[in-house]
Amino acid sequence: MKWVRNSVTLRSLQMIAFGMLVSTSLVAWKAMVCFSGSNSPVVVVLTGSMEPGFKRGDILFLSMSEDPIRAGEIIVFNIDGRKIPIVHRVVEVHERRNTGVVDALTKGDNNPTNDRPLYASGQHWLHQHHILGRAVGFLPYVGWTTIILTEKPIIKYILIGALGLLVVFSTG
């Protein structure tokens, strides 16, 4: 009967450790959101459109401030009707006379033309609500994990299965 009690105690400790890991991760993410001012403080570069500056698989750290966007800055933005954010450089800004609000035109460093064909139909500029943040730092190649797990779902399922087996068959 003693071994059953030890087994239950071990499982309880494992569950508590797992809960603490998840909680710590969520707190760290929320802290990054608060300090960066961006709802998405970390993004992965998914294409080669920003080479040679940023390569596919680089992780970008974002910040969002009240300062207006300026030409030359690298921003991450969403386009209406698309789920995946885009990382490109601001090539031109347009300041509205009556409000002082700045709109932006973007282009990938490795692309031949600006991004107007990517924008929603009839849209010529990015507005403030499209912009998720400015790139303020990066880690090269670290985002490849995300890309591989997204593009090759079988690897994700194998990894989850292996981790599940590890938890089930691990002993104290």
Side-chain angles (χ1 to χ4, degrees), residues 17-93 102-120 123 125-167:
F18 179 74
M20 290 176 62
L21 176 67
V22 170
S23 299
T24 302
S25 299
L26 291 173
V27 168
W29 180 261
K30 280 301 187 183
M32 288 172 52
V33 167
C34 289
F35 289 124
S36 72
S38 173
N39 287 331
S40 183
V42 178
V43 296
V44 176
V45 178
L46 298 175
T47 68
S49 68
M50 285 302 291
E51 289 183 3
F54 298 116
K55 294 179 177 36
R56 187 169 192 243
D58 290 352
I59 288 186
L60 297 182
F61 297 99
L62 307 182
S63 177
M64 194 62 191
S65 67
E66 296 297 320
D67 298 333
I69 299 295
R70 296 290 171 222
E73 290 184 308
I74 296 170
I75 62 170
V76 177
F77 59 93
N78 274 331
I79 296 175
D80 297 332
R82 295 192 183 193
K83 297 186 308 186
I84 299 174
I86 298 172
V87 178
H88 281 174
R89 186 179 306 277
V90 176
V91 293
E92 188 178 337
V93 293
V102 174
D103 298 328
L105 176 65
T106 56
K107 175 187 172 296
D109 289 354
N110 201 24
N111 293 348
T113 62
N114 65 42
D115 292 340
R116 282 196 174 129
L118 294 176
Y119 300 165
Q123 180 181 353
W125 300 91
L126 289 176
H127 306 297
Q128 190 64 35
H129 71 275
H130 295 113
I131 299 170
L132 298 174
R134 296 173 169 95
V136 294
F138 78 104
L139 282 174
Y141 309 114
V142 178
W144 271 104
T145 306
T146 301
I147 292 172
I148 290 169
L149 293 177
T150 302
E151 291 181 356
K152 309 276 187 212
I154 189 70
I155 294 174
K156 180 176 19 180
Y157 299 130
I158 290 170
L159 185 61
I160 290 171
L163 289 173
L165 288 173
L166 183 66
V167 168

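Here, residue 1 is the first one in the sequence, and each next residue gets the next number.
Salt-bridge check for D109 with R89: passed, with a basic side-chain N closer than 4.0 Å to an acidic carboxylate O.
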Run the numbers on E151 and K156 for side chain to side chain contact (heavy atoms under 4.5 Å, CB included), then give the verdict. CA-CA 10 Å; E151 291 181 356; K156 180 176 19 180; over 6 Å; no
Would you check, one step at a time, whether the test side chain to side chain contact (heavy atoms under 4.5 Å, CB included) holds for R56 with I147? CA-CA 9 Å; R56 187 169 192 243; I147 292 172; 3.5 Å; yes
Run the numbers on L118 and R82 for side chain to side chain contact (heavy atoms under 4.5 Å, CB included), then give the verdict. CA-CA 10 Å; L118 294 176; R82 295 192 183 193; 3.7 Å; yes
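The two residues M50 and K107 have their closest heavy-atom pair at SD-O, 4.4 Å. V136 and S63 get closest at one heavy-atom pair: CG1-CB, 3.7 Å. P68 approaches E73 most closely through the heavy-atom pair O-OE1, 4.2 Å. When all heavy atoms are compared, the tightest approach of I69 to V102 is O-CG1, 3.5 Å. Closest approach of D58 to P140, counting heavy atoms only: OD1-CA, 3.1 Å. When all heavy atoms of S49 and N111 are compared, the closest pair comes out as CB-OD1, 3.6 Å.
Atom CD in E92 sits 4.0 Å away from atom CH2 in W125 (nearest 0.5 Å). Interatomic distance, OH of Y119 versus CG of L105, reported as 4.5 Å (0.5 Å rounding). The CG atom of L26 sits 9.5 Å away from atom CG of L21, with the distance rounded to the nearest 0.5 Å. Expressed to the nearest 0.5 Å, how far CG of L126 lies from CD1 of I75 amounts to 5.5 Å. Rounded to the nearest 0.5 Å, atoms CD1 (I148) and CG (L159) are 11.5 Å apart. With values rounded to the nearest 0.5 angstrom, L132 atom CG is found 9.5 Å from F77 atom CZ.
There is a side-chain donor-acceptor pair under 3.5 Å between T106 and D115.
Two rings, from F54 and F138, have their centers less than 6.0 Å apart.
If you run side chain to side chain contact (heavy atoms under 4.5 Å, CB included) between R134 and each of L62, L60, D67, V90, only D67 comes through. Put simply, the residue from N78, D80, I79 that forms a side chain to side chain contact (heavy atoms under 4.5 Å, CB included) with H130 is D80.
Looking only at side-chain heavy atoms (C-beta outward), V87 and I74 come within less than 4.5 Å of each other.
A 6.0 Å sphere centred on CD1 of I84 holds no more than 12 heavy atoms belonging to other residues, nucleotides or ligands.
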